[in-house]
Undergrad: 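There's a structure below that I have some questions on.
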Amino acid sequence: MLLKVNNLVKSFGGIRAVRDVTIGISEGSISSIIGPNGAGKTTFFNLLTGIYKPDQGSIDFNGRSLIGLRPDQVNKAGIARTFQSIRLFGNMTVLENIMVGTHSRLHISLPHTLLRTRRFKEQERLVQEKAGMLLKFAGLSGKGDELRKNLPYGDQRRIEIARALASDPKLILLDEPTAGMNPQESAEAMSLFRKIRDELGITVVLIEHDIRVVMGISEHIDVLDYGQKIAEGTPGEIQANPLVLD
Ligand code: ATP
């Protein structure tokens, strides 16, 4: 198991958003977390990535506990994510947005940056190169100099994914990555998710509502409802589970 979450609990006032959830993610797998609106899926990602602190439970990733780590420290530990509502810098180019994702891997001090020393310029060149490679990998070739705000929705989701990959994660969490896409875009997005696992060796977890995507790509599925895990299994098992169907 790359990620082992045990008995995770999070409440907001009277709302118990995540109730005693236990989930394991195997290294090198592609899995999905599904469930109706308000089931606690995004809260679960927010707990994993240090945005919220759990009330109870444990989160172990790659042999260490993540409890108490800030989001930037979780990213440094090897987890990257995208957001349900796209969060990119509108007035930066596509390439610059991707470059931002490398921040947790940079080793450059403020004086070097302010004085634009040789060391700074060398790091900047490496970061540009890496962002350029990810641009291509994510299917955005030729769009590096465009402003993010001028690109269609599907491309913006790809930029978010490329930015997440720029931090060299071991695990990538994708929150509704095909939301708003047409069937053709969803099919292309699915092949990108496979490429992330097959070519980069990164473990992939999706929160997804499009059942064709979920069933088409997942090796394992966990189902949440009212903050609780009600089922887990292969796509075939989940499709035949009466509790899930209900
Ligand atoms: P969706 O598919 O609609 O995104 P979800 O499964 O991701 O839903 P969450 O967004 O995790 O569900 O929400 C779970 C519950 O927790 C909901 O009742 C939501 O209103 C509540 N909730 C989430 N974040 C907060 C917060 N910061 N403060 C108060 N309540 C919250």
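When reading the values below, keep in mind they use all heavy atoms of this one structure, side chains included, and skip hydrogens, waters and symmetry mates. All ligand and atom numbering here is 1-based and tracks the order in the structure.
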Undergrad: Mark up the atoms of ligand 1 that fall under 4.0 Å of a heavy atom belonging to Glu176, in ascending order.
TA: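 Under 4.0 Å from Glu176, ligand 1 has these atoms: 2 (O), 4 (O).
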Undergrad: Looking only at side-chain N and O atoms, does Gln156 offer a donor or acceptor that is under 3.5 Å from a partner on Glu160?
TA: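 On atom types as modelled, these side chains do not qualify, holding no pair under 3.5 Å.
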Undergrad: Is NZ or CZ of Arg116 both nearer than 6.0 Å to the six-membered ring centre of Phe120 and within 45° of the ring axis?
TA: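 The answer is no; the distance or angle limit is not met.
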Undergrad: Within 45° of the axis and under 6.0 Å from the centre of the six-membered ring of Phe137, does NZ or CZ of Lys195 qualify?
TA: yes
Undergrad: Strictly under 6.0 Å, is that where the ring centroids of Phe12 and Tyr52 end up?
TA: yes
Undergrad: Of all the non-hydrogen atoms in the protein, which one sits nearest to atom 31 (C) of ligand 1, and at what distance?
TA: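 Checked against all protein heavy atoms, atom 31 (C) of ligand 1 sits closest to Phe12 CD1, 3.3 Å.
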Undergrad: Less than 4.0 angstrom from a charged side-chain N to a carboxylate O is my criterion; do Glu27 and Lys170 meet it?
TA: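 Yes, Glu27 and Lys170 are salt-bridged.
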Undergrad: What protein heavy atom lies closest to atom 27 (N) of ligand 1? Include the residue and the distance to one decimal.
TA: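 The answer is Tyr52 OH, 2.9 Å.
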Undergrad: What residue and heavy atom of the protein are closest to atom 3 (O) of ligand 1, and at what distance?
TA: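 Here the nearest protein heavy atom works out to Asn37 OD1, 3.3 Å.
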Undergrad: With a 4.5 Å limit on heavy-atom distance, are the side chains of Glu122 and Leu126 in contact?
TA: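 Touching, per the 4.5 Å side-chain cut-off.
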Undergrad: For ligand 1, which atoms have a heavy atom of Ala39 less than 4.0 angstrom away?
TA: 5 (P), 6 (O), 12 (O)
Undergrad: For atom 16 (O) of ligand 1, what is the closest protein heavy atom, and at what distance to 0.1 Å?
TA: Ala17 CB, 3.3 Å
Undergrad: Quick one: nearest non-hydrogen protein atom to atom 2 (O) of ligand 1, plus distance?
TA: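 The closest one turns out to be Lys41 NZ, 2.8 Å.
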Undergrad: Using a 4.5 Å cut-off on heavy atoms from C-beta on, say whether the side chain of His209 contacts that of Glu176.
TA: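 Counting from C-beta outward, Glu176 and His209 do come under 4.5 Å.
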Undergrad: For atom 8 (O) of ligand 1, what is the nearest protein heavy atom, given as residue, atom name and distance?
TA: Gly38 N, 2.8 Å
Undergrad: Is the shortest distance from a Lys or Arg side-chain nitrogen in Glu219 or Arg197 to a carboxylate oxygen in the other one below 4.0 Å?
TA: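 Between Arg197 and Glu219 there is a salt bridge, with a charged N closer than 4.0 Å to a carboxylate O.
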Undergrad: What do you reckon, does Gly40 put a non-hydrogen atom under 4.0 Å from ligand 1?
TA: yes
Undergrad: On a heavy-atom basis, I'd like to know which of Arg16, Gln84, Glu208, His209 is closest to atom 4 (O) of ligand 1.
TA: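 Among Arg16, Gln84, Glu208, His209, the closest heavy atom to atom 4 (O) of ligand 1 comes from Gln84.
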Undergrad: Determine if the distance from atom 13 (O) of ligand 1 to the closest protein heavy atom is below 4.0 Å.
TA: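 Under 4.0 Å from atom 13 (O) of ligand 1, at least one protein heavy atom found.
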Undergrad: For atom 19 (C) of ligand 1, decide whether some protein heavy-atom distance is shorter than 4.0 Å.
TA: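 Answer no: nothing from the protein, no heavy atom, is under 4.0 Å.
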Undergrad: Can you spot which of Val205, Asn62, Ile79, Asp60 makes a side chain to side chain contact (heavy atoms under 4.5 Å, CB included) with Leu2?
TA: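 Testing Leu2 for a side chain to side chain contact (heavy atoms under 4.5 Å, CB included) against Val205, Asn62, Ile79, Asp60 leaves exactly one candidate, Asn62.
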Undergrad: Among all protein heavy atoms in this structure, tell me which lies nearest to atom 9 (P) of ligand 1, with the distance rounded to 0.1 Å.
TA: Thr43 OG1, 3.6 Å
Undergrad: Starting from atom 10 (O) of ligand 1, locate the nearest protein heavy atom and write down its residue, its atom name and how far away it is, to 0.1 Å.
TA: Thr42 CB, 3.9 Å
